[in-house]
Amino acid sequence: MTHLAAAPSPSVRVHAPGKVNLSLRVGAVQDDGYHPLSTIFQAVALYEEVTATQVPEGAGVTITVDGPQADLVPVDGTNLAWRAAEALAARVGTAPDVALHLAKGVPVAGGMAGGSADAAATLVACDALWQTGLSREDLTSLAAELGSDVPFALLGHTAVGTGRGHLLTPAMTRGEFHWVFAAQAEGLSTPAVYGRFDELAGPGGSGAVDDPGLAEDTALMQALRAGDAHALGRALHNDLQAAALSLRPELERTIAVAHEAGALGAFVSGSGPTVAALARSRQHALAIAASWTAEGAADSVWCTSGPAHGARLLP
Ligand code: C5P
């Protein structure tokens, strides 16, 4: 008797990076509930890995997750990766039948766009699995419909973002920057942080970012082009930091500990609560991480570097 082994279902693996906003300038809330942004994203080498596996027709989308904070990640239609698979299927007129496995490499709900990276990776993975023939531009416009940070997770490297953060222009950089992140067990909700930002700004809002010209970030852009980490450290900026600190005052200490450890800059990453510190070297990043751990100022620490590549198929 001959046993024929069942052929494994085709699957593809994709990496997409987390990010830090080197500068995040936020205007007054608009009628659509969003805030106009002028931001500079940098992708860091902490990757979400999404495996998309073909399943029988009619099976629908399923999600499984592993990684340090996997239990915090929804596995239903509220997961941005699920919505990405459905949006792509609808766009090409196919059924959204796919098993998605998310291996989390970016802190969950930390202001580093890990969920957006899952969505970007899912778009690239399902695009390959279903052989849709869509262009990168098509994927980028689908990405923008899914969330403000999803297009950047597709693009990676370093880029200026305007609009809701979804209109991107690549920025030139030299060399490698060393980062260390202090993540907290309890995330912060992005809408809650923007809501507190509005409260702090008061009626009429903050100085609106109507003109997305980056006049205020000239020094930052120069630092990136020169590969000058000291100058970059001085130029880091986050308009959401006061809002995140008012929701989580203990992050002040996390920032102070990084400064005491000689960080070139330390601030809240995106909408937080993750704190990002820029280090002189990988060794220095490890030293800052050790200080955070010794002081109990982080629930987990993540040493990495940027810029990193955008969503990409793995062999
Ligand atoms: O676009 P995304 O779904 O990631 O945004 C999540 C939430 O963050 C929005 O519902 C909104 O409350 C807030 N947000 C904002 N302005 C932006 C981006 C996000 O107010 N530019």
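In each ligand, atom 1 is the first atom listed, and ligand 1 is the first ligand listed.
For Gln131, the CD atom sits in a loose shell: 12 or fewer heavy atoms of surrounding residues, nucleotides or ligands are nearer than 6.0 Å.
Inter-residue side-chain proximity for His101 and Glu49 is flagged as unmet; no heavy-atom pair is nearer than 4.5 Å.
When hydrogens are left out, the protein atom nearest atom 5 (O) of ligand 1 is Tyr34 CE2, 3.9 Å; that is the closest non-hydrogen contact. Of the protein's heavy atoms, Pro191 CG, 3.9 Å lies nearest to atom 7 (C) of ligand 1. Given atom 8 (O) of ligand 1, the protein heavy atom at minimum distance is Thr190 CG2, 3.3 Å.
Using a 4.0 Å cut-off to heavy atoms of Ser148, the atoms of ligand 1 that qualify are 1 (O), 2 (P), 4 (O), 18 (C). Per-residue contacts place Gly147 under 4.0 angstrom from the following atoms of ligand 1 (heavy atoms of the residue considered): 1 (O). Ligand-side atoms of ligand 1 in range of Gly33: 20 (O), range being under 4.0 angstrom from any heavy atom.
Residue Gly165 places no heavy atom under 4.0 Å from ligand 1. In this structure, Leu37 is part of the shell of residues with a heavy atom less than 4.0 angstrom from ligand 1.
Between Phe197 and Tyr194, the two ring planes are perpendicular [angle over 60°; tilted spans 30° to 60°].
For the pair Asp32 and Arg164, the salt-bridge criterion is not met [side-chain N within less than 4.0 Å of a carboxylate O]. Here Arg83 does not pair with Glu86 in a salt bridge; the nearest charged N to carboxylate O distance is not below 4.0 Å.
Contacts of Tyr194 with ligand 1, taken as heavy-atom pairs under 4.0 Å, involve the side chain alone.
Nearest to atom 15 (C) of ligand 1 by heavy-atom distance, out of His166, His35, Gln30, is His35.
Between the Glu48 side chain and the Ala117 main chain, no donor and acceptor come within less than 3.5 Å of each other.
Of the N and O atoms on the side chains of Trp302 and Ser300, at least one donor lies less than 3.5 Å from an acceptor on the other residue.
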